[in-house]
Amino acid sequence: MTKKQLNESVEYLKKKGFDTPEIGIVLGTGLGQLVEEIENSIEAHYNHIPYFPLATVEFHSGKLIYGTIGDKTVVVMQGRFHLYEGYDFLDITYPIRVMHQLGIKKLFVSNAAGAINLDYKKGDIMLIEDHINLQGGSPLAFKNVAEFGDRFVDMSEPYDLNMRNKIEAIAKKEGITLQKGVYASVVGPQLETKAEYRMLKILGADAVGMSTVPEVIVANHLRLPIMAVSVLTDECDPDNLLPVNIAEIIEIAGKTEPKMIKLFKELMKEI
Ligand code: HPA
């Protein structure tokens, strides 16, 4: 990754009309309905943006969407890049750097995740307060990182406290159950074994998924305030583990998304 490449990606989008969005939003697996809330939208397919990671076949619909939601201008990633698709840490976080250079001031991130904390149920939303990186690498471990910011990035409070407080108050007011906890990121794409779910619990994770942490690390590198939620799609009980049902995971994500959209839209009004 070079600054020149980043400039070209950003210039392409600016020419298309992506004019200084205020908020960047990353949509997780099964979470695409938020796109219907965007007004006056302009789209850019990932494959058409210079230096964007090339989308795989199964991922051909990936696009960046610019527009307005309420009184805010947004840029939304419909579809994200995952390590398990064969991309590397620089690929999967490149879009965060692009959105930052376009001008976003805040980043909202979402994902579908399994509930390790068994007090939490599928169909609940969990506000991410902290994370554990179990992906075996970092998006900041590259030679010219110093051109882009600090190398030793502080991670003492990676998720913006002000937005966390606001979204908790919103959930209370709206009567939406909002769990809180620690998200552990794994590479995947295989799901976890019973022994791995036990390990994740011992480590202090409340939820597990295959994304988000690299994007959050880069957003911290860029000093971009982040708010992230997990939509809990399955309950990871090592003592009663059922075979994974991906169709059900996607279905639950879709059914839960309207609650997430409500929280996001209300938070947008307050920031
Ligand atoms: N494990 C990892 N990733 C996931 C899970 C899970 O149980 N559920 C949804 N994404």
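In this text the structure is predicted, and so the values were computed from the model without any measurement. Indexing begins at 1, ligand by ligand and atom by atom, following the structure's order. Values below: every heavy atom of this structure, side chains too, minus hydrogens, waters and symmetry copies.
Among all non-hydrogen protein atoms, the one lying nearest atom 4 (C) of ligand 1 is Val208 O, 3.6 Å. What sits closest to atom 10 (N) of ligand 1 on the protein, heavy atoms only, is Ala112 O, 3.5 Å. Shortest contact from atom 5 (C) of ligand 1 to any protein heavy atom: Gly114 N, 3.5 Å. For atom 1 (N) of ligand 1, the closest heavy atom belonging to the protein is Glu192 OE1, 2.6 Å. Closest to atom 6 (C) of ligand 1, if we only count protein heavy atoms, is Leu191 CD1, 3.3 Å. Protein heavy atom closest to atom 8 (N) of ligand 1, with residue, atom name and distance, is Asp234 OD1, 2.7 Å.
If you number the atoms of ligand 1 from 1 as listed, the ones under 4.0 Å from a heavy atom of Met210 come out as 2 (C), 3 (N). When each atom of ligand 1 is checked for a heavy atom of Cys236 under 4.0 Å away, the hits are 7 (O). Close contacts between ligand 1 and Thr233 involve ligand atoms 8 (N), 9 (C) [criterion: under 4.0 Å to a heavy atom]. Per-residue contacts place Tyr197 under 4.0 angstrom from the following atoms of ligand 1 (heavy atoms of the residue considered): 1 (N), 6 (C), 7 (O).
No salt bridge links Asp237 with Lys201; every basic N to acidic carboxylate O contact stays at or beyond 4.0 Å. A salt bridge is absent between Glu168 and Lys172; no separation between the charged side-chain nitrogens and carboxylate oxygens falls under 4.0 Å. Using a 4.0 Å cut-off between charged side-chain N and carboxylate O, Glu174 and Lys265 make no salt bridge. In summary, Asp150 and Arg223 engage in a salt bridge, as defined by a charged side-chain N under 4.0 Å from a carboxylate O.
Listed for the Asn144 side chain is no donor-acceptor partner under 3.5 Å among the backbone atoms of Glu147.
Listed by first and then second residue, the ring-ring contact (aromatic ring centres under 6.0 Å, His included) pairs involving residues 212-266 are Phe108-Phe264 (not counting sequence neighbours).
At a cut-off of 3.5 Å, with distance as the only test, a side-chain donor of Tyr159 or His131 sits close to an acceptor on the other residue.
An N or O contact shorter than 3.5 Å is missing between Ile249 and ligand 1 by distance.
The aromatic rings of Phe81 and Tyr46 lie tilted to each other, with the angle between the two planes from 30° to 60°.
Contacts between Tyr84 and ligand 1, counted as non-hydrogen atom pairs separated by less than 4.0 Å, are absent for every part of the residue.
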